[in-house]
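Heads up: the structure comes next, in structure tokens.
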Amino acid sequence: MKISIEQILIQWLNKRTKQLYDIEIAPEIFEPDNFEFGDLSTNLPFKLTKAVRKAPNIIGQEILNTDIPKIFSQAQIAGAGYINFWLSDDYLHNNIININKHPDEWGKFSTEYSKNIQIEFVSANPTGPLNIVSARAAAVGSTIANLLESIGHNVITEFYVNDAGNQVRLLGESFLYRIAQIKGENVEMPEDGYLGEYLVDYAREYIEKSPDENPNEWILQKILSEQKEILARFRTHFDSWFSESEFRKTGKVEQVLQRLIDKGLVYEYEGAKWFKASQINLDAKDFVLVKSDGQWAYGLVDIAYHANKFEERGFDIVYTILGPDHHGHKARMESAMKALGHDDKLKIIILQQVNLIEQGNKVKMSKRAGKIITMDVLLEDVGVDAARYFFLARKAESHLDFDLDLARKTSDENPVYYIQYAYARIQSISRFAKNKGVNIENIETQSVDLSMLTRPEENNLCRKITKYSISVQNAAESLQPHIIPFYLLELAKIFHNFYTKHKVVCDDEKLTLARVALISAIANIIKCGLAICGIEAPNEM
RNA sequence: GCGCCCGUGGCUCAGUUGGAUAGAGCGUUGGACUACGAAUCCAAAGGUCGCAGGUUCGAAUCCUGCCGGGCGCGCCA
């Protein structure tokens with residue numbers, strides 16, 4: 001697929017305003033919330049009133065005073081000056097055939113503006129099991145990666161392994177403490193150590209299986225491999241695992257520090273080296289690059305790491321997804337990238353927190369005491385599909401109340417099953433049709449007469465599946481994955497509605513074939529949409 | 001005190017980035033299975049979009065000030 005209906009309309013409107021008024025303006029296109037207003041609308045005439053000095057409806061008439069793009073059957077001026085467009089039946093029917101012909105590539109675009117994009121997410125400290133916020137980050141990050149790929153970008157996913165610094169040292173000390181404790185030695189837990197029970201289990205495993213290995217390295221690798229395993233199970237793939245400790249050896253950190261010094265952006269205060277972030281970005285506070293003991297602070301290494309993404313690896317855009325406790329970091333990193341000449345290339349997405357709700361109450365968690373609901377417990381509890389769905393069905397910047405009871409339910413109340421059920425139902429109908437002797441092989445190539453699809457329910461479905469690509473584009477461009485689950489929910493709804501009103505396999509052979517082609521296209525769309533979200537489309541359930 | 005996020009039917013959330021009569025799901029009430037899957041469908045009730053100003057043809061959306069909730073504010077990461 002090269003170009004969407006939305007783009008066709010935008011290009012046409014652009015051409016018209018240039019021809020008529022010699023004005024270049026980005027026309028806004030939207031799907032009207034009321035089907036009486038057609039498939040696509042624009043408010044362009046309102047936008048032009050000032051420049052053109054005419055009433056909106058006059059402008060609308062002038063714009064329409066020529067042939068409209070062929071994909072539309074008609075266009076009308078409505079209200080005070082909207083222009084509404086209706087897709088032609090030919091276009092809708094061709095669309096069904098095309099979806100069935102290219103089920104796997106549907107909703108994927110090639111773009112001449114293709115960019116090299118890196119998206120970094122999760123990047124949890126390798127000091128313990130992944131938590132719920134990491135799970136949310138995994139669901140959102142992997143889905144955004146899928147979306148950006150869908151609209152034609154080259155996307156690399158990366159997990160930054162923070163295998164250096166203070167936290168890792170504390171992990172090692174806590175681990176040694178647990179080992180000593182099991183051996184019955186009298187030792188004390190380090191201050192700020194990790195109290196979680198998991199270290200006790202690991203300590204036992206270490207003593208039994210690999211007592212000869214370096215305990216610090218062993219525990220790090222152990223936790224890291226567990227994190228990798230759970231993320232893979234959560235259908236979250238990383239192209240790259242980037243090690244902080246390796247990176248620290250490359251000399252890049254020193255170089256970046258020197259560059260900041262040369263730019264006059266570093267000062268000393270109480271023995272530490274500070275970055276003048278506030279001079280570049282008013283929202284950012286100055287922060288420490290080198291501590292008074294000579295150690296690099298986390299902020300400095302992170303600046304060098306992000307600079308590396310642009311300078312050594314050539315990404316055009318980098319998205320970094322951070323948890324809510326890192327929002328102060330956002331302005332700092334952006335100011336540092338600006339200082340190094342990478343204006344507006346780093347986009348930091350702050351993901352808000354997750355509250356687990358059980359029996360109407362918030363589940364209390366304390367990381368300090370090691371009392372947290374971990375990602376693997378969650379997946380065990382509600383399943384990958386439901387978990388991904390619930391994480392994705394909210395805007396990233398919204399706080400998320402994750403209702404465990406609802407997610408566990410495999411019933412009608414759980415939206416993810418509602419969507420999957422629509423898919424499974426279609427597969428079931430296809431099997432039924434096949435058994436009845438309907439020739440559903442090669443449904444995309446036979447001469448199916450889609451003009452048989454005249455009922456309003458069929459018409460709604462044709463229109464809805466045609467707009468799938470618009471939803472993908474919107475979701476990708478705005479980095480808002482939740483658009484896809486919402487779209488799928490609506491599609492499933494109008495499919496179920498159609499199903500109860502009309503028989504797919506009926507007495508009329510031509511109509512049967514047309515409807516089989518229609519539902520087959522719907523199934524393909526559901527499958528594509530769910531695939532973007534990392535959710536399975538089951539043939540049976 | 002400063003910063004970030006949020007405030008939309010009883011509950012959880014959408015609202016196409018300033019557009020047409022504010023929409024879904026759950027819950028509630030009442031209906032629909034002797035033909036393709038009832039994990040479904042249909043219908044009804046339920047709203048001063050936290051409050052008050054402002055910007056304009058037009059505001060749930062933008063600006064200002066309050067109110068309420070969550071999170072952060074370290075030479076930790």
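Every chain is numbered from 1, with letters handed out A, B, ... down the list of sequences. Since the model is a prediction, treat every value here as computed from it, not as a measurement.
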- Per-nucleotide protein contact string for nucleotides 42-47 of chain B (B base, S sugar-phosphate only, - none; heavy atom under 4.0 Å): S-----
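Atom-to-atom, CD1 of A/Ile419 to P of B/G25 comes out at 12 Å; the value is rounded to the nearest Å. The interatomic distance linking A/Gln427 (CD) with B/A39 (C1') rounds to 16 Å, in whole Å. Taking atom CD of A/Glu490 as the reference point, atom C1' of B/G23 lies 9 Å away to the nearest angstrom. In this structure, A/Glu36 atom CD and B/U21 atom C1' are separated by 10 Å, rounded to whole Å. One interatomic measurement links the two molecules: OH of A/Tyr499 to P of B/A35, which rounds to 11 Å at whole-angstrom precision. Atom CZ in A/Phe390 sits roughly 10 Å away from atom C1' in B/C26 (whole-Å rounding). Rounded to whole Å, the distance from NE2 on A/His482 to P on B/G25 is 17 Å. Rounded to whole Å, atom P of B/G74 lies 13 Å from atom CG of A/Asp325.
Nearest heavy atoms, A/Gln227 versus A/Pro126: NE2-CA, 3.9 Å. The two residues A/Val288 and A/Ala297 come nearest to each other via the heavy atoms O-CB, 3.3 Å.
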For residues 476-490 of chain A, which side-chain N or O atoms pair as donor and acceptor with protein atoms under 3.5 Å away, sequence neighbours left out?
unit_1   : atom_1 : unit_2   : atom_2 : d
A/Ser478 : OG     : A/Asn474 : O      : 2.6
A/Tyr487 : OH     : A/Lys464 : O      : 2.7
A/Glu490 : OE1    : A/Lys464 : NZ     : 2.5

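Spacing of C1' atoms, B/G54 relative to B/G47, comes out at 25 Å, to the nearest Å. To the nearest whole angstrom, the two C1' atoms, one in B/C4 and one in B/A44, are 42 Å apart. Rounded to the nearest Å, the gap between the C1' atom of B/A38 and that of B/U17 is 40 Å. Remark: the separation of the P atoms in B/C73 and B/C13 is 24 Å, to the nearest Å. Comparing the C1' positions of B/U61 and B/G46 gives a spacing of 24 Å, expressed to the nearest Å. Between the C1' atoms of B/C41 and B/G25, the separation comes to 15 Å (whole Å). The separation of B/G19 from B/C63, taken at their P atoms, amounts to 15 Å, rounded to a whole angstrom.
Applying the 6.0 Å contact sphere to CD of A/Gln74 captures more than 12 heavy atoms from other residues, nucleotides or ligands. In the displayed structure, A/Arg455 atom CZ is contacted under 6.0 Å by at most 12 heavy atoms of other residues, nucleotides or ligands. Atom OH of A/Tyr269 is surrounded by 12 or fewer heavy atoms from other residues, nucleotides or ligands within 6.0 Å.
Using a 30° and 60° split on the angle between ring planes, A/Tyr305 and A/Tyr160 fall in the parallel class, below 30°. The aromatic rings of A/Tyr82 and A/Phe46 sit perpendicular, their planes meeting at an angle over 60°, well past the 30° parallel limit. Taking the six-membered ring where the residue is Trp, A/Phe85 and A/Phe72 present tilted rings, their angle falling between 30° and 60°. Below 30°, between 30° and 60°, or above 60°: for A/Phe498 and A/Phe495 the angle between ring planes is between 30° and 60°, a tilted geometry. Below 30°, between 30° and 60°, or above 60°: for A/His496 and A/Tyr421 the angle between ring planes is below 30°, a parallel geometry.
In this structure, A/Glu540 reaches the bases: a heavy-atom distance under 4.0 Å links it to at least one base atom across the strands shown. Contacts of A/Tyr82 with the nucleic acid, taken as non-hydrogen atoms under 4.0 Å apart, include base atoms. Looking at heavy-atom distances under 4.0 Å, A/Asp405 makes no contact with the nucleic acid at all. Using a 4.0 Å heavy-atom cutoff across all strands shown, A/Ser428 reaches at least one base atom of the nucleic acid. Residue contacts shown for A/Ala422 are absent, as no nucleic acid heavy atom lies under 4.0 Å away. Here A/His326 lies in heavy-atom contact (under 4.0 Å) with a base. Across all strands shown, A/Glu477 has no heavy atoms under 4.0 Å from either base or sugar-phosphate atoms. Within the nucleic acid shown, A/Ser430 has no heavy atom closer than 4.0 Å to any nucleic acid atom. Nucleic acid contact for A/Ser471: none, since no nucleic acid atom lies under 4.0 Å from a heavy atom of the residue. Contacts of A/Gln353 with the nucleic acid, taken as non-hydrogen atoms under 4.0 Å apart, involve only primed sugar atoms and P, OP1 or OP2. At the heavy-atom level, A/Lys395 lies under 4.0 Å from the strands shown only through sugar-phosphate atoms.
Applying a 4.0 Å cut-off to non-hydrogen atoms, the residues of residues 284-295 of chain A that approach RNA chain B are A/Lys285, A/Val288, A/Lys291, A/Ser292, listed by residue number.
Toward the 5′ end of RNA chain B lies the nearest nucleotide of A/Asp401, the other residue of the pair A/Asp401 and A/Arg425 mapping further downstream. Place A/Met541 and A/Asn474 on RNA chain B by their nearest nucleotides, and A/Asn474 ends up nearer the 5' end.
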- salt bridge (charged side-chain N to carboxylate O under 4.0 Å, His left out) evaluation trace for A/Glu536 with A/Lys527: CA-CA 8 Å; A/Glu536 284 180 344; A/Lys527 194 174 185 178; over 6 Å; no
- Item | Watson-Crick and G-U pairing of RNA chain B written in dot-bracket, each distance under 3.5 angstrom, with | for inter-strand partners | (((((((..((((.....[...)))).(((((.......))))).....(((((..]....))))))))))))....
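Nearest nucleotide to the side chain of A/His327, out of B/C5, B/G3, B/C76: B/G3. Here the side chain of A/Phe486 is nearest to one of B/C13, B/A77, B/A35, namely B/C13. Of the candidates B/C41, B/A14, B/U12, B/C41 carries the atom nearest the A/Tyr418 side chain, counting heavy atoms from C-beta on. Here the side chain of A/Asn84 is nearest to one of B/A20, B/A77, B/G37, namely B/A20. Picking from B/C75, B/C76, B/A20 the nucleotide with the shortest atom distance to the side chain of A/Ser41 gives B/A20.
For a distance-only test at 3.5 Å, the side chain of A/His399 qualifies as a donor-acceptor partner of the base of B/C5.
The pair A/Lys276-A/Asp286 does not meet the salt-bridge criterion, since no charged nitrogen lies less than 4.0 angstrom from a carboxylate oxygen. Salt-bridge annotation for A/Lys347 and A/Glu334: absent, with no side-chain N of the basic residue lying under 4.0 Å from a carboxylate O of the acidic one. Between A/Lys467 and A/Asp39 there is a salt bridge, with a side-chain nitrogen of the basic residue lying less than 4.0 Å from a carboxylate oxygen of the acidic one. A salt bridge does not link A/Glu270 with A/Lys291: every distance from a Lys NZ or Arg NE/NH1/NH2 to an Asp or Glu carboxylate oxygen is 4.0 Å or more.
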Heteroatom pairs (N/O) under 3.5 angstrom, protein to nucleotides 54-58 of chain B:
none

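Applying the side chain to side chain donor-acceptor pair (under 3.5 Å) rule to A/Glu31 yields no partners; only residues at least two apart in sequence or on another chain are considered.
The shortest distance between the side-chain N/O atoms of A/Ser398 and the OP1/OP2 oxygens of B/G7 is not below 4.0 Å.
Stacking between A/Tyr421 and B/G37 is absent: the ring centroid is not both under 5.5 Å from the six-membered base ring centre and under 30° in plane angle.
Side-chain contact annotation: A/Asn459 with A/Arg463, donor-acceptor N/O pair under 3.5 Å present.
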